[in-house]
Amino acid sequence: MEHRTLGSLTVSAEGLGCMGMSEFYGTADEGEAIATIQRALDLGVDFLDTADMYGPFTNERLVGRAIEGRRDDVVLATKFGNQRGEDGSFLGVNGRPEYVHSACEASLRRLGVDTIDLYYQHRVDPEVPIEETVGAMSELVDAGKVRYLGLSEAAPETIRRAHTVHAVSALQTEYSLFSREPEEEILPTLRELGIGFVAYSPLGRGFLTGRFKSPDDIEEGDSRRQRFPRFEKENFDRNMELADRVKEIAQEKGCTPGQLALAWLLHQGQDIVPIPGTKRVKYLEENVEATEVELSEDELQRIDEAAPVGAAAGDRYADMSTVNR
């Protein structure tokens with residue numbers, strides 16, 4: 001497995017998003033989820049992504065159990081800021097310094113580790129200056145509880161302000177052939193500052209894998225039915241056209257559509273690390289094989305033309321208010 005650098009942090013070229021193992025994307029099997037994480041480590045995928053809100057709280061515990069005895073094999077990333085209650089209720093975005101400290105302590109306990117490798121602010125709190133939040137995060141670094149700092153879904157100006165307080169190693173934002181908006185302002189800003197990019201939902205929440213043929217294919221309880229307009233009927237058919245174009249190129253290439261989408265991302269720069277999420281070993285193995293797919297300049301151009309910036313129909317979220325812009 002190739003490795004890449006996020007700021008000063010070295011990680012596998014492809015990571016593993018663990019969110020769906022606990023919540024949001026339908027039912028999951030804990031045993032299979034743990035086996036998936038452990039198989040990822042065996043394959044050299046050392047970059048694991050979780051957050052306190054996933055579950056809520058249960059995903060960090062699951063990841064902690066999966067990596068027990070293998071801490072040295074893992075670059076562990078988690079997040080705070082999307083505050084939830086024990087009953088699963090959403091309490092809003094919280095970037096207050098005192099909350100930063102308490103959230104980190106709780107994550108360390110659930111994960112069963114002494115140090116978090118990469119600690120993100122999950123969403124920017126509009127009520128708290130970013131300098132105050134990142135100042136508290138830097139105190140965690142000084143205390144040895146966190147190694148590197150990250151932001152998620154932050155705008156260029158916010159990133160710049162944060163970076164003046166303490167070095168930001170990575171920005172995590174949605175990026176895929178379905179969501180190419182970061183190319184316009186985010187990526188140029190990160191490259192100017194020497195910050196790495198972690199691409200979440202690199203498979204368009206499953207759309208780019210060819211898994212869904214209609215909205216009815218999404219099981220009850222799966223949040224794609226409610227939270228993501230691109231899966232609504234009025235947008236679905238248009239987005240299927242985009243997915244079909246990707247599928248056609250993949251078939252000619254002799255790989256799956258998902259592998260093509262991941263390979264395209266990996267070819268966008270050595271500072272980009274996609275973290276496809278899955279809860280099953282077989283899909284993990286398929287995703288890892290994408291790191292071996294080579295694309296020529298002509299193929300990259302053809303993919304760009306098949307899925308240009310702004311091609312997807314519908315917003316990324318039903319509620320975009322928590323995305324810092």
Is any NZ, NE, NH1 or NH2 atom of the basic residue among [X] and [Y] found under 4.0 Å from an Asp or Glu carboxylate oxygen of the other?
{"X": "Arg316", "Y": "Glu153", "answer": "yes"}
{"X": "Arg160", "Y": "Glu192", "answer": "yes"}
{"X": "Asp46", "Y": "Arg70", "answer": "no"}
{"X": "Asp304", "Y": "Arg180", "answer": "yes"}

Going through the distances and angles, do Arg302 and Glu297 end up as a side-chain contact (heavy atoms from CB on, under 4.5 Å)?
-> CA-CA 9 Å; Arg302 186 177 173 199; Glu297 289 301 319; over 6 Å; no
Does any non-hydrogen side-chain atom of [Y] lie less than 4.5 Å from one of [X]?
{"X": "Gln172", "Y": "Asp49", "result": "yes"}
{"X": "Glu30", "Y": "Leu62", "result": "yes"}
{"X": "Ser152", "Y": "Thr173", "result": "no"}
{"X": "Phe178", "Y": "Leu242", "result": "yes"}
{"X": "Gln270", "Y": "Thr5", "result": "no"}
{"X": "Leu171", "Y": "His163", "result": "no"}
{"X": "Phe80", "Y": "Arg123", "result": "no"}
{"X": "Ser176", "Y": "Leu203", "result": "no"}

Rounded to the nearest 0.5 Å, how far does [atom2] of [Y] lie from [atom1] of [X]?
{"X": "Phe47", "Y": "Leu16", "atom1": "CZ", "atom2": "CG", "result": "10.5 Å"}
{"X": "Leu295", "Y": "Ile249", "atom1": "CG", "atom2": "CD1", "result": "9.5 Å"}
{"X": "Leu262", "Y": "Thr256", "atom1": "CG", "atom2": "OG1", "result": "8.0 Å"}
{"X": "Gln121", "Y": "Ile130", "atom1": "CD", "atom2": "CD1", "result": "4.0 Å"}
{"X": "Glu286", "Y": "Thr209", "atom1": "CD", "atom2": "OG1", "result": "8.0 Å"}
{"X": "Met137", "Y": "His101", "atom1": "CE", "atom2": "NE2", "result": "10.5 Å"}

For [X] and [Y], which I'm curious about, is there any donor-acceptor pair between the side chains at under 3.5 Å?
{"X": "Asp298", "Y": "Ser296", "value": "no"}
{"X": "His122", "Y": "Asp52", "value": "no"}
{"X": "Gln259", "Y": "Glu289", "value": "yes"}
{"X": "Lys145", "Y": "Tyr119", "value": "no"}
{"X": "Ser179", "Y": "Glu174", "value": "yes"}
{"X": "Ser107", "Y": "Glu60", "value": "yes"}
{"X": "Glu183", "Y": "Tyr175", "value": "yes"}

Residue pair Asp271, Arg4: steps toward the side-chain contact (heavy atoms from CB on, under 4.5 Å) verdict | CA-CA 7 Å; Asp271 53 351; Arg4 296 185 170 189; over 6 Å; no
Would the distance check show the side chain of [X] and the main-chain N or O of [Y] forming a donor-acceptor pair, the cut-off being under 3.5 Å?
{"X": "Thr133", "Y": "Gly95", "value": "yes"}
{"X": "Thr189", "Y": "Glu185", "value": "yes"}
{"X": "Lys79", "Y": "Met53", "value": "no"}
{"X": "Gln38", "Y": "Ala66", "value": "yes"}
{"X": "Asn287", "Y": "Pro276", "value": "no"}

Considering all heavy atoms, the nearest [X]-[Y] contact:
{"X": "Val75", "Y": "Thr10", "result": "CG2-O, 3.8 Å"}
{"X": "Ala290", "Y": "Leu266", "result": "O-CD1, 4.1 Å"}
{"X": "Tyr120", "Y": "Ala77", "result": "CE1-CB, 3.8 Å"}
{"X": "Ser8", "Y": "Ser169", "result": "N-OG, 4.3 Å"}
{"X": "Arg230", "Y": "Gly314", "result": "NE-O, 2.9 Å"}
{"X": "Ser22", "Y": "Gly55", "result": "CB-CA, 4.4 Å"}

May I have the step-by-step check of salt bridge (Lys or Arg N to Asp or Glu O under 4.0 Å) for Lys282 and Glu32, ending in yes or no?
-> CA-CA 10 Å; Lys282 67 175 182 177; Glu32 177 72 6; over 6 Å; no
Determine, using the 4.5 Å side-chain heavy-atom cutoff (strictly less than), whether [X] and [Y] are members of one ILVMFWY cluster.
{"X": "Val288", "Y": "Ile34", "value": "yes"}
{"X": "Met1", "Y": "Val74", "value": "yes"}
{"X": "Leu208", "Y": "Ile303", "value": "yes"}
{"X": "Val141", "Y": "Leu151", "value": "yes"}
{"X": "Ile195", "Y": "Leu265", "value": "yes"}

Please check if the number of heavy atoms outside [X] that lie under 6.0 Å from its [atom1] is greater than 12.
{"X": "Arg191", "atom1": "CZ", "answer": "yes"}
{"X": "Glu2", "atom1": "CD", "answer": "yes"}
{"X": "Asp142", "atom1": "CG", "answer": "yes"}
{"X": "Glu68", "atom1": "CD", "answer": "no"}

Kindly determine whether Val93 and Val124 satisfy side-chain contact (heavy atoms from CB on, under 4.5 Å), including the steps that lead there.
-> CA-CA 7 Å; Val93 176; Val124 176; over 6 Å; no
side-chain contact (heavy atoms from CB on, under 4.5 Å) assessment of Leu187 paired with Phe197 = CA-CA 8 Å; Leu187 276 169; Phe197 189 102; 3.8 Å; yes
